[in-house]
Each structure stands twice: as C-alpha cells, then as structure tokens.
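Below is one structure, written out as structure tokens; comments come after it.
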Amino acid sequence: SHTLELDKRSYRISWRELQCVAYMILGASAKQTAKALQLSPRTIESYIEQLKIKFDCNNKLVLIAKLAQH
C-alpha cells in the first residue's frame, strides 16, 4: 500500500486504489478503467466507494477534485 498526504493527514491506499485514482483524474469511466486494469467494472466501483469513504467524499466528482490537486 501507499501513503497519500492530503490536508495535513496521511491516507493509506492500495496500489489498485491508486491506479483507479489516476484513471479517474484522466476522465476514464469505471468501464474503461476496468478494461485497462483487466478487472470487472464492479470491482472498480468498489475501489471508488472505498476511496470516497477514506477521503470523506459524498460523490466521485468531489473525490476527483480533492485528489487531482495533489
């Protein structure tokens, strides 16, 4: 796993979550990300849900905005 520093806090995220973040910031859909990572779209959505919980975000756009600035 990796540590992401954000708003003076440290967050532990997995390699797959980090990959999902990168694809989300580039504007890829869950389906596109799943195809690129050879996973199911549901798995990608699960990673995104986990990230929303970790970073206390109500939706994917807020999550992307929060993570894109770092």
Side-chain angles (χ1 to χ4, degrees):
S1 70
H2 300 276
T3 302
L4 224 122
E5 299 290 329
L6 183 68
D7 299 329
K8 298 180 183 177
R9 291 187 59 199
S10 294
Y11 299 89
R12 303 282 294 163
I13 65 170
S14 71
W15 174 242
R16 284 294 196 194
E17 289 171 332
L18 189 58
Q19 288 176 308
C20 288
V21 166
Y23 279 97
M24 281 190 326
I25 290 170
L26 294 173
S29 68
K31 189 174 180 179
Q32 292 167 326
T33 302
K35 186 174 181 179
L37 299 178
Q38 299 181 338
L39 298 169
S40 76
R42 182 62 202 126
T43 300
I44 300 303
E45 290 295 340
S46 177
Y47 285 131
I48 292 168
E49 288 301 315
Q50 290 171 22
L51 288 164
K52 284 168 40 182
I53 291 166
K54 284 183 185 183
F55 290 96
D56 194 30
C57 297
N58 294 334
N59 63 57
K60 196 159 91 170
L61 289 177
V62 172
L63 177 65
I64 292 168
K66 191 179 254 191
L67 296 175
Q69 59 189 320
H70 300 330

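The figures that follow rest on heavy atoms only: side chains count, while hydrogens, waters and symmetry mates do not.
- Within the structure, no pair that satisfies the salt bridge (Lys or Arg N to Asp or Glu O under 4.0 Å) test touches residues 31-48, not counting sequence neighbours.
- In this structure, the ring pair (Phe, Tyr, Trp, His ring centres under 6.0 Å) partners of F55, at least two apart in sequence or on a different chain, are Y11.
- Note: T3 OG1 to R9 CZ = 13.0 Å, rounded to the nearest 0.5 Å.
- Transitive grouping of hydrophobic side chains (ILVMFWY, heavy atoms separated by less than 4.5 Å) brings V21 and W15 into a common cluster.
- For the residue pair S40 and A34, the shortest heavy atom distance occurs at C-CB, 3.6 Å.
- Here CG of L51 is found 9.5 Å from CG of L4. Values are rounded to the nearest 0.5 Å.
- Looking at every heavy atom in both residues, I25 comes nearest to A68 through CD1-CA, 3.8 Å.
- Annotation for Q32 and G27: closest pair OE1-O, 4.1 Å, computed over non-hydrogen atoms.
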Below 3.5 Å, can you tabulate the donor-acceptor pairs from side chains in residues 57-65 to any protein atom, sequence neighbours excluded?
{"residue": "N59", "atom": "OD1", "partner": "L61", "partner atom": "N", "Å": "3.0"}
{"residue": "N59", "atom": "OD1", "partner": "V62", "partner atom": "N", "Å": "2.9"}

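- Here L26 pairs with nothing under the side chain to side chain contact (heavy atoms under 4.5 Å, CB included) rule; sequence neighbours left out.
- Residue pairs meeting the ring-ring contact (aromatic ring centres under 6.0 Å, His included) criterion with at least one partner in residues 19-50, sequence neighbours excluded, do not occur; the list is empty.
- The shortest side-chain heavy-atom distance between T43 and R16 does not fall under the 4.5 Å cut-off.
- Residue E17 holds its CD atom at 10.5 Å from CD1 of I44, rounded to the nearest 0.5 Å.
- A search for side chain to side chain contact (heavy atoms under 4.5 Å, CB included) contacts involving S46 returns Q50, not counting sequence neighbours.
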